[in-house]
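Please read the structure below before turning to the comments.
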There are 2 protein chains.
Amino acid sequence: MAINERYLTKRERDCMVSIREKGTEDFPLRLNELAGILKISSPTTLNILRRLEVKGMITSSRGMIKLTETGRESADRILKIHRVYESLFCQSGVSEKMACNEASLVDYLTEEQTAEMVLHRIGDPKICPHGKPIRDDS
Amino acid sequence: MAINERYLTKRERDCMVSIREKGTEDFPLRLNELAGILKISSPTTLNILRRLEVKGMITSSRGMIKLTETGRESADRILKIHRVYESLFCQSGVSEKMACNEASLVDYLTEEQTAEMVLHRIGDPKICPHGKPIRDDS
DNA sequence: AAGAATGTTAGTATAATACTAATTTATGGC
DNA sequence: GCCATAAATTAGTATTATACTAACATTCTT
């Protein structure tokens with residue numbers, strides 16, 4: 001098993017997801033922006049980014065934060081698993097907001113293959129409760 | 001929201017579950033035994049127990065580890081949520097062993113009401129894949 | 001009472017998280 | 001190009017959780 005999102009901490013997971021969702025090719029997420037989203041100081045944010053850099057997930061220089069190939073794959077995997085849990089929770093009657101919160105706590109800790117199987121079990125929905133595609137969001 | 005298992009760390013969760021499952025009224029789990037189960041040293045184990053004591057989950061003196069009322073309730077809640085996830089994963093086709101592993105990583109992070117709803121969604125099984133009752137294991 | 005088993009202290013280390021204050025490095029307007 | 005501002009980075013500090021070994025204390029058993 002190579003580098004896996006399972007070895008990310010919650011904070012690192014949050015960074016990865018924000019970078020993937022809030023940044024674009026042309027406008028990569030900036031350090032201060034990320035700090036604002038996570039509601040932590042810039043130095044703390046930088047510190048987490050440094051760790052993600054060591055783990056080969058991102059490259060960052062002068063506040064330009066970009067996911068590496070590995071990082072993008074990891075972020076997409078986390079987002080996919082996130083949407084599987086969201087779908088499961090919402091199907092079960094949990095509110096959209098709470099489903100998202102709960103999913104965020106566990107998505108990065110679950111194996112992709114487990115999520116895949118759960119996805120099938122709950123009827124293979126193509127989109128999550130927010131309307132985003134569960135597979136292939138690239 | 002009072003004291004909640006959500007504020008436990010993974011290690012603390014593992015301690016709680018072991019104490020609940022491996023200990024009995026007459027033979028409460030001993031420190032060294034617990035250290036053996038968790039595969040960590042006795043001092044480290046003691047350290048975690050001290051934190052659980054501060055959190056009001058256990059009482060511990062001379063290696064006699066007992067759950068408080070709150071602690072027992074928390075442990076039971078975690079175990080219930082654990083079994084919901086296990087059931088979900090096994091129903092989805094995940095192996096029993098892997099289902100247990102995956103469930104252990106997320107059970108203590110999920111709200112009871114979310115798990116309750118999922119339980120209903122997956123057909124309200126009365127027992128988990130290991131044959132243990134999902135509700136009221138006391 | 002001695003020895004073995006068990007628990008506890010003491011001391012140390014590391015990783016992750018987080019902050020403030022100060023400094024450096026762009027960037028943009030003039 | 002220069003300066004002011006914005007943005008990023010460094011430096012320094014702190015806390016919590018985890019983990020270890022070695023030494024010491026306590027308890028139990030024979």
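Residue numbers begin at 1 in each chain, while the letters A, B, ... track the order of the sequences. Nothing here was measured: the structure is a model prediction, and the numbers come from that model.
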Tell me which one of B/Met64, B/Lys22, B/Arg20, B/Glu21 satisfies side-chain contact (heavy atoms from CB on, under 4.5 Å) with B/Leu29. B/Lys22
Nearest-Å distance for atom pair CG/P, residues A/Leu34 and C/dA18: 12 Å
Crowded around A/His120 NE2? As in, over 12 foreign heavy atoms under 6.0 Å? no
Please state whether the phosphate of C/dA18, meaning OP1 or OP2, lies under 4.0 angstrom from any side-chain nitrogen or oxygen of A/Ser41. no
With a 4.0 Å cut-off on N to O distance, would you call B/Lys10 and B/Asp14 a salt bridge? yes
Round to the nearest Å and state the distance from A/Arg11 atom CZ to C/dA16 atom P. 14 Å
Rounded to the Å, how far apart are A/Arg62 CZ and D/dT9 P? 9 Å
Side-chain N or O of B/Arg50 less than 4.0 angstrom from OP1 or OP2 on C/dG7? no
Length of the CD1-P vector between B/Ile40 and D/dT21, whole Å: 12 Å
Measure from the side chain of A/Pro43, starting at C-beta and using heavy atoms only, and say which of C/dG7, D/dA11, D/dA19 lies closest. D/dA11
Euclidean distance, atom CG of residue B/Leu38 to atom P of D/dA17 [Å, nearest integer]: 17 Å
Are any of A/Arg30's side-chain N or O atoms less than 4.0 Å away from OP1 or OP2 of D/dA8? yes
Is A/Leu46 touching bases, backbone alone, or none of the nucleic acid, heavy atoms closer than 4.0 Å? base
Could you tell me the separation between the CG atom of A/Leu31 and the C1' atom of D/dT9, rounded to a whole number of Å? 9 Å
Please confirm whether the shortest side-chain N or O distance from B/Thr44 to OP1 or OP2 of D/dC20 is below 4.0 Å. yes
So that I can tick it off, tell me whether A/Arg77 and A/Glu116 are bridged by a salt bridge, with the cut-off set at under 4.0 angstrom between side-chain N and carboxylate O. no
Side chain of A/Asn32: nearest nucleotide among D/dA7, D/dA19, C/dC19? D/dA7
Quickly work out the B/Lys55 NZ to D/dT16 P distance and round it to whole Å. 11 Å
Test log, rule salt bridge (Lys or Arg N to Asp or Glu O under 4.0 Å), inputs B/Lys80 and B/Asp76: CA-CA 6 Å; B/Lys80 189 212 281 182; B/Asp76 282 348; over 6 Å; no
Starting at atom CD1 of B/Ile65, determine the distance to atom C1' of C/dT8, rounded to an integer number of angstrom. 13 Å
